[in-house]
Amino acid sequence: MPIDSEESSHDIQFAEDFILGVATAAYQIEGAVLEDGRGTCIWDTFSHTPGRTVNGDTGDVACDHYHRWQSDLELIKELGVDAYRFSIAWPRVFPHGSGQINQRGLAFYDRLIDGCLERDIKVFPTLYHWDLPQSLADKGGWTNRSTADAFAHYAATVMDHFGDRLDAMTTFNEPWCSSILSHLLGVHAPGEKNLDTALAVAHGQHRAHGLAIQAMRAARDSVPLGIVLNTQSIYAASDSERDNAAASRHENFHNGLFLDPLFNGQYPSEVVEKLGDRLPRGWREDLSTIAQPLDFWGLNYYTPMRVADAATAEYPATRIVDVVAEPRTDIGWEVDPQALYDMLVNLHTRYTLPPCYITENGAAYNHGVRDGVVDDQPRIDYMQQHLVAMQSAMNHGVDIRGYFAWSLMDNFEWAEGYSMRFGLIHVDYTTQKRTFKRSAHWYQSLMQQRRG
Ligand code: GCO
C-alpha cells in the first residue's frame with residue numbers, strides 16, 4: 001500500500017506514550033580518547049591507519065562531548081525530546097575489555113545519566129556501538145569465544161551499576177556493520193575482507209548478545225532489553241529472474257543472517273545450505289543462547305538496497321547497484337520512505353517480533369551556517385516523509401513505540417570522517433560551536449505540537 005505522502009508529520013497523532021528522541025554514539029561524539037583511563041579501541045587503531053577514513057579524520061576530539069556533556073544535555077532539553085539514545089564506551093569501563101574496572105569511566109556515565117534524569121530525559125543506552133577494546137581484538141576479537149564472555153561480564157557490570165536509572169538497554173548497534181561491513185567489505189574497523197572471519201564475527205556477536213541478555217536479566221530484570229538492527233528493504237535491480245533470485249539471496253544474507261537466529265532460533269536454511277560448513281564449529285549449540293526473548297527491537301533505517309545477480313561471485317552472489325538516480329542525500333543514499341513502510345510490514349508479516357523503536361532515522365545533508373542559520377530543508381522533508389511512512393506502517397498494525405532522529409548533532413561519520421553531517425544541530429569542529437539547524441527547530445515544534 002503506498003504511503004499517504006500528502007500527509008504531513010505534523011498531522012501525525014502520536015500516542016501520549018510514543019517516545020520521540022535523538023541518538024548518538026560514544027566514538028562519534030565523545031573525543032577524550034586518552035582521558036581518565038580509557039583504553040584503546042579498534043576505531044582508534046583504524047582511524048589512525050592511513051587511508052582508512054576521509055582526510056585521515058579520527059575520533060580523537062570529535063564533538064568533545066566528554067567535556068561538553070552538560071551543555072549538550074541542555075541542547076537535548078531545549079529540543080524537548082522524551083529520550084536520549086547514546087552508547088557506553090566499553091573501553092572506558094574496561095580499558096582492556098575485562099579485568100580491572102575503570103571507575104573514572106563509570107563516573108562519566110554516572111554524570112551523563114544523572115544529567116538526563118535531572119532534565120527529565122529518558123535514558124536509552126547501547127552497550128556496543130563498535131568500539132571493541134583493542135586488547136580483545138588482539139586476541140581474536142569476536143572470533144574468540146572469550147570475547148563474548150567478556151561482553152556478558154561488561155553488560156552485567158553496567159546493569160549492576162546503572163540499572164536503577166535506565167529506561168531501556170540494547171546490546172548491539174547494527175551487528176551487520178560490525179561483522180559484514182567491517183570483516184567482509186573492509187569499510188569499517190578492522191577493515192578485513194574475509195567471509196569466514198565475517199561469519200565467525202557475526203556468530204560471535206550473536207552469542208555475546210544472548211549471554212549479555214541473560215547476564216543483565218540476572219543482574220536486574222526490570223529494565224527492557226533489546227538489540228538494534230539495520231535491516232533494509234532489498235529490491236531487485238531489474239525485473240529479470242536472475243536479479244529477483246539475487247534479491248532473495250541477499251534478503252537471507254543481509255537481513256536473515258541476523259533476524260533469523262535472534263527471533264527464529266536458527267539461521268536461514270539457504271545460509272546453512274550454502275555457508276553452514278563455514279560457520280564456527282559448534283554453532284548449532286549456541287542457537288538457544290542467541291535467541292533470548294527480547295522486550296523490544298530497534299530498527300536503524302536510512303535507505304533501501306537494490307541488488308543484481310553476480311553469478312561468478314561466492315554466495316550470496318549479488319552486487320549492490322544504484323539504479324535510482326534521484327533523490328539522494330549528500331552521502332549518496334537513495335531517499336525512499338516507501339521502503340521503510342515496505343520493510344516494516346514485510347518483517348511484521350514474516351517474523352514474530354517484539355515491539356519496535358525506530359532507533360535511528362535521518363539524512364546526511366552538509367549545509368553550513370549562513371548568517372547564523374542552517375537551512376537544511378531537505379532533512380526536514382526526509383524526516384517528515386519517513387515519519388509518515390512509519391505512521392502508515394503503524395496503521396497497518398506494526399507495533400512501533402518510538403522514533404529517534406539520527407543524529408543529535410553532526411559527528412564523526414566513521415569512514416566518511418567529518419565530511420558527512422547527519423545532525424539536527426550543526427557542529428563547527430574548529431570552535432565546537434553548536435547551532436540549531438532549521439531541522440532542529442522543526443523537530444522541536446513537533447514535540448511542542450505533540451504536547452499541545
Ligand atoms: C549506523 C550507525 C551510525 C551512523 C549513521 C549514519 O547506523 O550506521 O548507527 O553510527 O553514523 O547510521 O551512517
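Every number for a ligand or one of its atoms is a count from 1 in the order of the listing. No experiment lies behind these values; they were computed from the predicted model shown. All residue numbers in this chain count up from 1 along the given sequence.
- Listed here is the closest heavy atom pair of H67 and D64: ND1-OD1, 2.6 Å.
- Taking the six-membered ring wherever Trp is involved, the centroid distance between the rings of Y418 and F412 falls below 6.0 Å.
- Remark: minimum distance from atom 11 (O) of ligand 1 to any protein heavy atom is reached at E413 OE1, 2.6 Å.
- Against a heavy-atom cut-off of under 4.0 Å, N300 is close to the following atoms of ligand 1: 7 (O), 9 (O).
- Heavy-atom minimum distance, A363 versus R379: O-NH2, 2.9 Å.
- A donor-acceptor pair under 3.5 Å is formed between the side chain of T303 and the backbone N or O of E334.
- At a heavy-atom cutoff of 4.0 Å, ligand 1 is contacted by the side chain of N173 but not by its backbone.
- Here the two rings, on Y128 and W142, have centers that are under 6.0 Å apart.
- The shortest N/O to N/O separation between W130 and ligand 1 does not fall below 3.5 Å.
- Only side-chain heavy atoms of W333 come within less than 4.0 Å of ligand 1; its backbone N, CA, C and O stay farther off.
- Regarding atom 12 (O) of ligand 1, its nearest protein heavy-atom neighbour is Y302 OH, 2.9 Å.
- Not a single N or O atom of N411, backbone or side chain, sits closer than 3.5 Å to an N or O atom of ligand 1.
- The distance from ligand 1 to the heavy atoms of E174 drops below 4.0 Å at these ligand atoms: 1 (C), 2 (C), 7 (O), 8 (O), 9 (O).
- Going from atom CG of D342 over to atom OH of Y235 covers 3.5 Å, rounded to the nearest 0.5 Å.
- Counting all heavy atoms, side chain and backbone alike, V427 lies closest to C63 at CG2-SG, 4.4 Å.
- For ligand 1, the atoms sitting less than 4.0 Å from at least one non-hydrogen atom of H129 are 2 (C), 3 (C), 9 (O), 10 (O), numbered in the order shown with element in parentheses.
- Atoms of ligand 1 found under 4.0 Å from any heavy atom of W414 (numbered from 1 in listed order, with element): 3 (C), 4 (C), 10 (O), 11 (O).
- Near Q28, meaning under 4.0 Å from any of its heavy atoms, are these atoms of ligand 1: 3 (C), 10 (O), 11 (O).
- A ring-centre distance under 6.0 Å is found for F94 and H153.
- Nearest protein neighbour of atom 9 (O) of ligand 1, counting heavy atoms only, is E360 OE2, 2.6 Å.
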